[in-house]
Amino acid sequence: MATLAAHDPIPTHWKEGVPSDDELAHIPGEGGWPLVGNTLKMLKDPHAFTRRMVETYGRVYKSKAFGGWNIGLIGADANELVLFDRNKNFSSEQGWGPVLDQLFPRGLMLLDFDHHRADRRALSIAFKPGPMRHYSGSLNRGIAKKVEDWGEGKMQFYPAIKTLTLDLAADSFIGIEWGPEADKINTAFIDMVQASVAPVRKPLPFTQMKRGVDGRAFLVDFFTAETQRRRAEGGGQDMFSQFATAEYEDGSLMPVDEVVDHMNFLMMAAHDTITSSATSLIWLLAKHPDWQDKLRQEIESVTGGVGSDGKPRDLAYEDMGKLELSEMAFKEALRMVPPVPSTPRRALREFEFGGYRIPAGSHVGINANFVHHEEEHWDNPFSFDPMHFTSEKVKARHKYAWVPFGGGAHMCLGLHFAYMQVKILLAQLLPRYEITLEQEPDWQPWPIPKPKDGLKISLKKL
Ligand code: HEM
């Protein structure tokens with residue numbers, strides 16, 4: 001295998017220039033079983049696996065999984081090194097490539113440095129106050145309707161919020177009404193997302209990968225035609241219309257195929273992450289009725305609670321920032337169950353960390369969940385306590401001890417959208433219902449955390 005020294009050109013593709021076993025011999029760790037390495041152990045319980053590796057080998061270790069060596073870099077300092085990436089050592093494109101390249105090529109997380117900066121800047125227009133105010137209107141409408149439909153009684157929260165999040169995306173992301181067209185798009189999209197983590201990576205007949213590749217073809221056609229139409233006729237204020245007309249610094253429009261790739265990627269980046277984090281928040285609130293009361297009071301003082309028509313009032317875009325405790329509770333849910341469990345990168349040049357020299361070409365990864373539960377940064381790290389996020393505590397803590405949205409150049413572009421959707425959800429749910437947990441869920445941790453039983457809760461009218 002090719003050997004890369006510090007002065008060699010950077011690897012241009014994630015399959016090339018992987019360091020040999022000899023070049024990694026000085027890094028402690030284990031290869032696991034023949035062929036599968038540690039893949040099965042990691043999938044079964046990734047958090048226990050990381051804990052054992054750190055206890056056995058320290059905060060820099062190697063492990064073989066998914067067909068190659070990965071170097072774990074664990075801790076808040078490691079998060080800062082990799083995410084902030086002062087020296088431009090790490091490629092996100094080549095880190096995420098093995099997972100996402102086939103179905104979500106050229107999305108923002110699959111671009112690096114200058115190309116990434118130019119596209120991110122152009123797309124940021126969709127997250128400015130004007131468009132955000134527009135999305136908040138459609139979120140308020142859509143969430144109010146669905147929460148009313150949920151009604152009193154027992155429900156499985158996870159599938160309900162997953163469907164709601166898809167429907168909301170049809171409206172605020174694509175600007176189409178709920179109905180058969182939105183359902184077709186949603187199905188194609190779900191097929192793609194499931195295929196991105198399917199074990200069979202070739203689109204053979206009847207496999208999930210084949211369904212994903214077909215879903216991608218359908219969405220590429222749809223978004224291509226729509227980009228051209230919205231450019232010609234002018235679009236609405238939805239996110240996709242913003243992307244379709246996004247301009248680079250020199251005033252030129254983005255090529256149509258790039259708009260399409262960014263849109264596909266964005267829907268993927270938004271969907272399961274919001275679903276997972278809204279679910280963990282509702283789970284934690286169901287277990288902590290005292291916090292439901294606190295957030296309900298806060299919401300009622302900001303929105304006025306239930307109106308004369310018996311329905312909770314909308315949460316105005318201007319009032320989002322006033323729901324401070326609600327935001328702290330959401331941050332705490334993101335701490336306890338971070339939706340994106342891994343942040344893969346590829347080292348483009350040799351670097352040092354924790355006393356080890358890591359060769360160029362290495363696949364490296366940090367671990368949010370581990371750092372989110374370290375006593376060094378959090379009192380009672382396994383207890384739900386939104387007061388972990390008072391401004392004094394945040395100021396005193398390592399900046400990279402809480403990284404559910406990543407950090408640095410690739411920090412989540414949609415994080416304010418996520419806060420907004422979750423706050424509007426709370427503003428509709430809590431003034432109307434008391435939430436109780438029917439059954440403690442068992443969480444499936446990978447690829448994005450979800451309760452295996454769908455989270456059984458019950459809603460009781462107040
Ligand atoms: C609670 C919900 C969410 C969580 C926890 C989350 C988490 C993340 C994380 C960890 C990254 C960085 C990954 C890396 O550096 O390798 C990321 C990137 C990204 N997210 Fe989110 N995300 C959420 C919601 C959203 C939403 C709602 C959108 C869009 C509306 C979105 C769009 C993106 C995009 C476009 C990127 C790529 C940014 C770049 O590479 O420059 N995310 N997200």
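Counting starts at 1 for both ligands and their atoms, following the listed order. Basis for what follows: all heavy atoms, side chains included, without hydrogens, waters or symmetry-related copies.
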I'd like to check which ligand 1 atoms, numbered from 1 as shown, lie under 4.0 Å from a non-hydrogen atom of [X].
X      : result
Ala418 : 1 (C), 2 (C)
Phe173 : 30 (C)
Trp96  : 14 (C), 16 (O)
Arg120 : 38 (C), 39 (C), 41 (O)

I need the contact type for [X] against ligand 1. Using non-hydrogen atoms and a strict under-4.0 Å cut-off, is it side chain, backbone, both or neither?
X      : answer
Met109 : both
Ala269 : both
Ala409 : backbone

- Which one of Asn264, Asp101, Asp261 satisfies the side-chain hydrogen bond (donor to acceptor under 3.5 Å, both in side chains) criterion with Arg106? Asp261
- Item | Within the 6.0 Å centroid threshold, strictly below: Trp150 and Phe157 |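 Under 6.0 Å, so yes.
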- Query: Would you say ligand 1 has an N or O under 3.5 Å from any N or O of Arg345?
  - Reply: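 N/O-N/O distance under 3.5 Å: yes.
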- Query: Out of Thr273, Asp119, Leu281, Val82, whose heavy atom is nearest to atom 2 (C) of ligand 1?
  - Reply: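 Minimum heavy-atom distance to atom 2 (C) of ligand 1 goes to Thr273.
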- Task: Can you figure out which of Ala270, Gly406, Pro341, Ala333 has its heavy atom closest to atom 27 (C) of ligand 1?
- Result: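 When every heavy atom of Ala270, Gly406, Pro341, Ala333 is considered, Ala270 comes closest to atom 27 (C) of ligand 1.
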